[in-house]
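Counting starts at 1 for both ligands and their atoms, following the listed order.
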Amino acid sequence: MENYKDEKHRQWADKVYQKICQKMEAQTRRVGTDIPYIPENGRYRDMGKEGIHWWTNGFWSGILWQMFHATGEELYKDTARGVEKRLDQALDHYSGLDHDAGFIWLHAAVADYRLTGDEEAKERGLKAAGALASRFNPAGQYLCAWNGNRPGHMIIDCLMNTPLLFWATRETKDPRFALMAERHIDTALKYIVREDGSCNHIVVLDPLTGEFVDNPGGQGYEQGSSWSRGQAWALYGFLLAFQYTGKKQYQDASKRVAHYFLANAALTDYVPLLDFRAPLEPVYYDTTAGAIAACGLLALAETVGEYEKNLYQTGAIKLLRAIEERHCNWNFDEDAIVDFGSAKYHRESDREVPIIYGDYFFIEGILRLVEKSFLIW
Ligand code: GLY
């Protein structure tokens, strides 16, 4: 039987880690404090110039801090600090901020503070947490996702932003941040996760009364479908919620989504479809969903008993190996490692392309396997 204890997996992960080190060193020297998103012809453009508030703008910092933690190389720390300062442009412009303050500053300032104790970084983190907390809607008990006259929208992705609030409560000893996070997570459990372990992407609540309005389609195929990255956010996000609160219902939700995710991913040899409930043709993949789910599964495995671990650990290894065997670019002269990531079902330009968060989660997953990761979330 396949099992995670097999030495061949560890040897494989060690080799991949060596390649990550070589490629990230070359890429860091080339990209520096530019903020990557999707490369064109092997080169990243600078999202810092195109949209400083864009939700993915923290992932390069996350990679840099993970690499600093794993290797101790100052190059990564110095570059990450440069990016952190650039992101002040976003933090100082409140009306551009949305719920993705978590994705951005957990990877930038909070990671810096956790690793180095830098006080300026802590202040930035708390400011970001304040901005996220200001999005809490008490009538519906949720964190409002976006700006642009959508005050009733909450989305599954936001589970990954809530650790910023749990962190702020730990730092300030003020429970308000964590209370808002928990209320939001409970609302997500009520309206976003379906009984069979699949998930909606979006729920719209009445922002004045909190009543349910609709579950419209999101970045997947259509309303009622099953956007695979959304399922991966749920798997990992509920597990993080369990780790912060100890509430078993969150761990159970993570398991339910994990079982559903693995059953679907097995049908396509562990490179997940972009949407698990879309027409059989055309076939679109999303490696980012596989990488995120793998990290969630590795975290989940740490929270269960000995005889339960194998399902999650081996599932995670299969997802990461499928990416490495079929969709990695190890040319050190080109930016980005993981190809075949998809931002959205109905937009051709960013379907089956390398995307910065695919690299972040692939790297986090491999670092977890070689026991060199630290918890950014
Ligand atoms: N948080 C947006 C996405 O996953 O594409």
Side-chain angles (χ1 to χ4, degrees), residues 35-38 47 50-62 90 96-108 128 131-132 135 142-148 150 153-164 184-185 188 192-193 198-204 215-222 225-238 240 257 261 272-276 278 284-296 336 338 340-362 364 376-377:
I35 301 181
Y37 176 41
I38 294 176
M47 274 308 279
E50 294 178 33
I52 193 67
H53 289 96
W54 183 235
W55 78 276
T56 65
N57 284 359
F59 288 108
W60 179 226
S61 303
L97 295 170
D98 64 22
H99 72 151
D100 288 327
F103 273 116
I104 299 174
W105 282 281
L106 282 168
H107 284 249
L132 179 56
R135 305 190 71 81
Y142 64 93
L143 295 160
C144 170
W146 301 304
N147 304 322
R150 289 173 288 181
H153 283 60
M154 68 175 281
I155 66 172
I156 190 65
D157 326 25
C158 188
L159 291 181
M160 302 299 288
N161 290 316
T162 57
L164 181 62
H184 174 89
I185 294 159
I192 295 195
V193 186
S198 70
C199 301
N200 295 298
H201 180 191
I202 303 175
V203 59
V204 183
N215 277 127
Q219 283 164 245
Y221 177 64
E222 65 178 4
S225 72
S226 175
W227 174 49
S228 61
R229 191 164 59 258
Q231 325 303 292
W233 293 140
L235 191 172
Y236 200 177
F238 280 116
L240 292 166
V257 180
F261 192 99
L273 293 172
L274 207 175
D275 193 313
F276 294 138
Y284 298 135
Y285 294 101
D286 181 12
T287 50
T288 73
I292 296 161
C295 294
V338 179
F340 267 66
S342 295
K344 194 173 173 162
Y345 193 97
H346 294 288
R347 193 161 61 213
E348 195 180 345
S349 61
D350 45 16
R351 220 167 36 216
E352 299 184 335
V353 294
I355 313 180
I356 188 68
Y357 47 85
D359 276 19
Y360 171 78
F361 285 99
F362 180 72
E364 182 189 307
I376 279 213
W377 306 103

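Formation of a donor-acceptor pair under 3.5 Å by the Arg351 side chain with backbone atoms of Tyr345 is found in this model. Remark: the backbone N or O of Ile202 is not paired with any side-chain donor or acceptor of Asn200 at under 3.5 angstrom.
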Step-by-step ring pair (Phe, Tyr, Trp, His ring centres under 6.0 Å) determination, Trp233 to Phe361: CA-CA 11 Å; Trp233 293 140; Phe361 285 99; 5.7 Å; yes
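Using a 4.5 Å cut-off on side-chain heavy atoms (C-beta onward), Trp60 and Tyr357 make no contact.
The contact shell of ligand 1, taken as protein residues with any non-hydrogen atom closer than 4.0 angstrom, comprises Trp55, Asp157, Gln219, Trp227, Arg229, Trp233.
Closest approach of Phe261 and Ser228 over heavy atoms only: CE1-O, 3.6 Å.
A distance of 9.0 Å separates CE in Met47 from CD1 in Ile52, rounded to the nearest 0.5 Å.
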